[in-house]
Protein chains: 4
Amino acid sequence: MCGVFGVYNSKTPAEDTFYGLYSLQHRGQEAAGIVVAEYDENKHKTIYRQHKGMGLVAEVFKDPAIFKKLPGHAAIGHNRYSTTGASKSTSNIQPFSLTYRSGNLAIAHNGNLTNSRTLRKELTERGIIFQASSDTEIIPHLAALSKEKEPVHQIYHALRQVKGAFSLVILANDQLIAARDPYGVRPLALGKTTDPDTGDAIFYVASETCAFDILSVDYVRDIEPGEILLIDKTSIRTHKPISLYLPPSKRKARCIFEYVYFARPDSLVFTHSVDKIRRNLGKNLARESMVEPSNDDKHQIVVSVPDSSNTAALGFVRESNKICRPARFEHGLIRNHYVGRTFIQPGKQSREIKVRSKYNIIRGVLQDRQIVVIDDSIVRGTTAKMLIKLIREANPKEIHLHISSAPITNPCFYGMDFPTKGQLLTYLFADTKDHDEEVEKIREYIGVDSLKYLSLQGMLNSAPRFENETQSYCTACFTGDYPISMDDATTDKEEYDNEE
Amino acid sequence: MCGVFGVYNSKTPAEDTFYGLYSLQHRGQEAAGIVVAEYDENKHKTIYRQHKGMGLVAEVFKDPAIFKKLPGHAAIGHNRYSTTGASKSTSNIQPFSLTYRSGNLAIAHNGNLTNSRTLRKELTERGIIFQASSDTEIIPHLAALSKEKEPVHQIYHALRQVKGAFSLVILANDQLIAARDPYGVRPLALGKTTDPDTGDAIFYVASETCAFDILSVDYVRDIEPGEILLIDKTSIRTHKPISLYLPPSKRKARCIFEYVYFARPDSLVFTHSVDKIRRNLGKNLARESMVEPSNDDKHQIVVSVPDSSNTAALGFVRESNKICRPARFEHGLIRNHYVGRTFIQPGKQSREIKVRSKYNIIRGVLQDRQIVVIDDSIVRGTTAKMLIKLIREANPKEIHLHISSAPITNPCFYGMDFPTKGQLLTYLFADTKDHDEEVEKIREYIGVDSLKYLSLQGMLNSAPRFENETQSYCTACFTGDYPISMDDATTDKEEYDNEE
Amino acid sequence: MCGVFGVYNSKTPAEDTFYGLYSLQHRGQEAAGIVVAEYDENKHKTIYRQHKGMGLVAEVFKDPAIFKKLPGHAAIGHNRYSTTGASKSTSNIQPFSLTYRSGNLAIAHNGNLTNSRTLRKELTERGIIFQASSDTEIIPHLAALSKEKEPVHQIYHALRQVKGAFSLVILANDQLIAARDPYGVRPLALGKTTDPDTGDAIFYVASETCAFDILSVDYVRDIEPGEILLIDKTSIRTHKPISLYLPPSKRKARCIFEYVYFARPDSLVFTHSVDKIRRNLGKNLARESMVEPSNDDKHQIVVSVPDSSNTAALGFVRESNKICRPARFEHGLIRNHYVGRTFIQPGKQSREIKVRSKYNIIRGVLQDRQIVVIDDSIVRGTTAKMLIKLIREANPKEIHLHISSAPITNPCFYGMDFPTKGQLLTYLFADTKDHDEEVEKIREYIGVDSLKYLSLQGMLNSAPRFENETQSYCTACFTGDYPISMDDATTDKEEYDNEE
Amino acid sequence: MCGVFGVYNSKTPAEDTFYGLYSLQHRGQEAAGIVVAEYDENKHKTIYRQHKGMGLVAEVFKDPAIFKKLPGHAAIGHNRYSTTGASKSTSNIQPFSLTYRSGNLAIAHNGNLTNSRTLRKELTERGIIFQASSDTEIIPHLAALSKEKEPVHQIYHALRQVKGAFSLVILANDQLIAARDPYGVRPLALGKTTDPDTGDAIFYVASETCAFDILSVDYVRDIEPGEILLIDKTSIRTHKPISLYLPPSKRKARCIFEYVYFARPDSLVFTHSVDKIRRNLGKNLARESMVEPSNDDKHQIVVSVPDSSNTAALGFVRESNKICRPARFEHGLIRNHYVGRTFIQPGKQSREIKVRSKYNIIRGVLQDRQIVVIDDSIVRGTTAKMLIKLIREANPKEIHLHISSAPITNPCFYGMDFPTKGQLLTYLFADTKDHDEEVEKIREYIGVDSLKYLSLQGMLNSAPRFENETQSYCTACFTGDYPISMDDATTDKEEYDNEE
């Protein structure tokens, strides 16, 4: 998973992109980069400058002097998620910047291409060299090989050839281009302010709208699935970017996991409030829930795994109370907010100290009570197991674990960094005869008194329905139903990797 | 404010202290240090080694190789809070380590001495030199000048001479000493585990019990006000440290602000659960509250300023509902947890971007609703003002700000890093005729529809009463009633400061 | 100017390359990088790993842990010289590593291509994208577009298309390739040791033989002008690399400035001892010299500008004494060897403090004497002027400046980092009527009693004559006679530069 | 060994001290620090600010922003030599800065006290605490305990009590004090310029005069043995510092090793040119020498170990030729000047790679010739042995090693960082019957055809004779005759060390 950001016609594009990336930090903590475009009036050409590095945005851009070296009128930025081995390479830090026959290009990508292996092979056979192992490098190669003259048409040409999930921000000479795949897998939003001096528009593009909020920018609309949006000199005067459209897909495949866990609750994603949908997930979980309050407690104590499950837990409590199953929201787990990327664990390398370093319990809240723990999802299961062990230390009467999504059974090939199938907790219990037995075995493994996953239908009911769409969401990680063709999708990227 | 930690008879004292300081990080983010004692069997003497640095614990101890260079059987550590100018000096990073006539000594201090100027003057007149500007350096000087032979008696002798607030952990040759002033201003707790191989005790001392939880250590009891606790070779076999007592004070003066804001909710402080007391503060705030629900809302929406006010907000909601003033707890503010010490703000140096970088609003929760914002305290008022402005962007119907403590009117001379009196928000409105007018003016300044502070009595009612004590808490910052004599207390430390 | 190094069949290729680059540090101080190839027996493929950075070799590879992450059987490395603006980019740090249709490739280049603009334009028109601004990137593109199957033949194909100066070390999958342009502009030498365990050969390639000395490796021979040398699994058993040859050039164009200044005196360059030729330059300078010893001195005092002119000064003194012009070599200037790349000059940004920070005078040696200062060359003239001013402070009777090369009048387009024509000292006096007047004006500018440049013929007489060659050396910077066609040669690289 | 520097009445005291320390870098590479005094007119007091760190001066003061934070009118600085274990502590980095009854004090020390153990014990018994393990901390303690009122008299009082070697620069409030022990063991020089605006004097104090040269400051005279020099506000107007004198010692004990090896040749040390004396050492070595030129060589080839032996080698050659033993100075060894403090040696930890990383041979100069290698001294002998092995690779006919000092047989207790007696090469052969047999065994060990040390008398004849002095130099390391009483001198400092 990654975060992308772009800005056009700002006097401080590097600073704006810094704040944008900073607010999108949750989408990727491994590396960050900014490319800035400055138009040189005299030479009638655009100069690109960049700064990239491994680490959090605030670490990579620690030195304020960096911003002095990044003047310009437009910029794009990228947060990279921590991914598998090969991508540790610094040569993979985006945005990816280059020169080609039509000038300068820089590209930042959220998503994953599914025909990259085939395209890479074809390009390679034609004599193209690749410097990084990321899918993204394919797109500028295709653009550069296009017969089109205008960069935006070259990009259009390139994107018609790629399959998979992509939300892109691109600098092409002095222009800014934003694009989203026809399935609409990853979010991408358009924002705008008005320059008080000139009355011109300043445009922004971001993975989530929380990046607009930090800059006091207004959210305009989403980049639509299949839309390629061109922002240039004219756009800023007319306040209108120009749109091209890729051939539409039969269905849409918005990633439902963005709502479940990934996006920030204060963002609009796919035009809807994440907070509201996450609350719905909690409400539907309450409706499907089966834990009867114990006789001697007036209320169930509902505890969220902070911070990602807070909203679902609130929805759960509200709905529980509505359907006359008294519940009370409590902060029973405390999260240590100084856990950072650079956190080392000397001496004790176990997962236990990792969990204890991140969470602690409030004994008074948990002791002798019937506890319902709300978590958003279970991936490997190791953290959940340790967390339950930690809660047990408070001697609760019962622990019921409710998950506000369905069991994850399949890897994601569209940009979410799940482990391989074999590393998912469900894989351990894949040979059970039915869902109930599987859940029972997982319950036993994690060590709770009961375990409840939200049903797939419950998830879909929680999210908005888009008009005239037969299918709006991708649920592949829960169902194995992959909406985009999967010929090249493979987790074995190693063959063309150079490690660094 | 600072955090202190000590461990005796561990095989990994440096690592333990790392985790202890890590969990006490909220007590001081400016600098961190560890001193480890290793007893050399052959030479019958103890060697001290140390590592210190500016920054967060995880930054200062980033390199795992540091721990290899810090073997031993005992250690102490210190987190320093961000304080005023002069203390930016690296020579002020604690623990403070030295040699003197009886061997090695290292000391870490949470608190502030109130007769340091007089003592420093006396010592200086006797020809003593000072290398740092901290109060703490006075204590080992007094110990070294004592006629006593045993380090613990020298420390006793020294502590009889100092006035003020101190919770201390001290390494004296191969021994560990913990001490707390007779007023009990700052917390200090004793923990213990048993070495599975030898059956010997391993002892721990920490500012808060959350430092024991991370290490799976059992909380034993508090170091009592006026107690000097000696942990040595004998103690680990008998499982009994030895106690000495300073002359008792007439009253106790536990810092009530530890409960209001400073301590972590998952800690026991002064033997009681911070979470529970913070919840009481919220309940009492609800009882004293006067905001009537608006006619057309079924519930008031209660929003906490995360994370410090979460617990008080939950208590507030519960009590409100009990007294039939329907209220609902909501996460209406999101906190960005990547705000770290190293966070720079390029370009826009205003407080507005600082607030926006730390918090964002959930519009759906706030829009068109009657909002009650619970915050723990108001110091300068600038953040509160900006935060309310941010919430206003969601167009709530009304904003009512409830503070779960009384107005802060006076500086702290016992270790809390409040600004000077002139920088407190209340100073702006000091010439108002009565409390009501003052609150009204502050309400206007911050820009809310109503403002309510918890009364002093409400605060005291929220905290536990200690038997046989006429007064258990220090409330000086709310009342100006300073329990410990204040002759030397001054904010002007500059005269003996060497900056670095 | 740059340094390149390669090793094949070593158990410690990264460490070997580190020492190689370290000893070639004088050829480039701006950046350094190593790429290591490890053959994976199981997968029958080669994995490349790399580490690069800005700064001196010892700085970039400061952390010993780096070497643990760079296992393999072969490696190449590169030192980059401090060059103009655009190349400050980290994306330009070599070796340049990539994947293409035949697998992995990594390339390190010393030299400069003269038809790079044309080739880049052609490639760009075909849709090729460029990520860095260096010439070097062209070569792998050409190789990747070749119809050949074997990497070495692809490289051959590519090198037939490029013009200019190149000494290359290349990793192609598990093979090592070394190549040198048909003119032989830059040096490249082959070294060898024998693995004591297996009897197999271990091969080394380096810009200068001093890189072999540090590793106790035997110098075998030079890579010949136009030779492409392939070292593979077979070579190590047979102790024989395989050679291909590019079409020969009519003349050779070895850079004579390598002998004058650039190479280390302890190296063999172009198969000959740099020390010996530099000594010859000094001898021929003495023969052409015209300073008569002053009457009252028994000896001229000959002082070199340390360390680059030491050898020429010794040759000068020996020849002077032979032709009965008594001279004595003295250390009259001391060089401060702590001047490093990171040296800052607070407060006084003048060139004077730069010169004073680097050199100091020995008054006793210089005072009241007739001084002959030997320097290897004058480029901009500013350092020479300041140095003479410094020597004047010792009150010598006379200062005669003798330069062991001819006046530099033209920029180098083959890899030497001279400034543009307009920045050369000779440009200031370009409109003088003849050589004598020009030298007189320079003498006056620098402020010496007499100035003598070695003649071009004197330089050529100092260097070895290669059999059957009409012209062996490039003297373009002294004469403007550029041996390799110059269509694209331009210092304006800016148009395809992305700054970082 | 260390370097000290002080400046008074400069507008840029921190920058001046930076350049001073930079030019004294050879006297200590382990750590560096600067303390600056700024007089606050309004408060009538002086504020001290400092910056210190481990590493070379240019590394510690890499960030130009440091200098902006160090304004003032006076400063002192210190370079620390790499010493044994305990001193690795950052708390030992000088200058040592503190506050005491009379205000601020900062002190930088070159030398070593010989009664420090006794004094430390006495002070400790009085209840004084020590924070660092260096001798230096004793001096301010003694000053602070003095009954005197004026800092300069307190310092006088303190220095009367200490024994040993000390060249000190001290800031005392707004004054600068320089002091030298009565034996004059370590050098200390006074420099001066005139402020062009005010006509006031600007005074400088430095270990060697090369620190004056870099700043274009005039050398005035040495601080005399036993002199305490006070520079204050009056001095700058009168251009006259005030002098106090410690009781004179019967003899002087200037360290002769400063001339042999330690000082820079371009410095005046003990009022005399180091270059000249080092040249005399070479001349006297030639006079005492016994190597007969081989029959078939016209000249002996004389090679110095660069750079420290260059001057002695030139003197040797000149004298050899004078006494009709034809010799020729050659650069046969090249020194790699990129060897820095941070140099790591991955993989091969042997001394061989260390020597190869630092030196290389010029084969053409050495091959088939009779070589005389001039080195200044032999300490442990390991480097010499490896260096000779390296020279042997060039196949010289014979190698004769001439040392321009006598055999080192005893440790230095006055500040030179020699190893303990047992680590000196001479210790290996201590049981030989006479000097000749000892030299023969060392010759065999190092592996040369002949070995010659300069005699003690030869050394003393090379250095200037000071009028009216029976003994001017300390030769303890050559003779064991320690001029200053040695009661406490011990290499075992460990007992009061806290490591860091």
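Residue numbers begin at 1 in each chain, while the letters A, B, ... track the order of the sequences. Please read all numbers here as calculations on a predicted model, not as lab measurements.
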- Message: Run the side chain to side chain contact (heavy atoms under 4.5 Å, CB included) test against B:P71 and tell me which residues pass, sequence neighbours left out.
- Response: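 Listed in chain order: B:E38, B:R49.
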- Item | Partners passing side chain to side chain contact (heavy atoms under 4.5 Å, CB included) against A:K389 (at least two apart in sequence or in another chain) | A:E352, A:M386
So which of [options] has the biggest tally of heavy-atom pairs under 4.5 Å with chain B?
options: A:L268, A:T311, A:N360, A:L390; value: A:N360
options: A:L333, A:I334, A:I66; value: A:I334
options: A:S216, A:S273, A:S267, A:P306; value: A:S216
options: A:E330, A:R335, A:E393; value: A:E330
options: A:R279, A:K276, A:K68; value: A:R279

- Message: Is it the case that over 12 heavy atoms from other parts of the model lie below 6.0 angstrom from the OH atom of A:Y261?
- Response: no
- A:S357 and B:Y19: which non-hydrogen atoms are nearest, and at how many Å?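 Residues A:S357 and B:Y19, closest heavy atoms: OG-CE2, 3.8 Å.
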- When the ring planes of A:F329 and B:H331 are compared, do they come out parallel, tilted or perpendicular, using 30° and 60° as the limits?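 Ring orientation, 0 to 90° scale: perpendicular.
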- Which residues in residues 361-369 of chain B have a heavy atom less than 4.5 Å from any heavy atom of chain A?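 Interface residues of residues 361-369 of chain B: B:I361, B:I362, B:R363, B:V365.
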- Item | Top contributor to chain A contacts, counting heavy-atom pairs under 4.5 Å, from B:S23, B:P265, B:G332, B:A14 |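 Looking at each option in turn, the highest pair count goes to B:P265.
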- Task: Using the test ring-ring contact (aromatic ring centres under 6.0 Å, His included), find all partners of B:H26 that sit at least two apart in sequence or belong to another chain.
- Result: none
- Query: Would you say the side-chain atoms of A:R356 pair up with the backbone N or O of B:L215, donor to acceptor, closer than 3.5 Å?
  - Reply: no
- Task: Please report the C-alpha distance between A:L314 and B:R328 in whole Å, then the side-chain angles of each, then the deciding distance to 0.1 Å, and finally whether the side chain to side chain contact (heavy atoms under 4.5 Å, CB included) criterion is met.
- Result: CA-CA 10 Å; A:L314 283 179; B:R328 180 185 287 162; over 6 Å; no
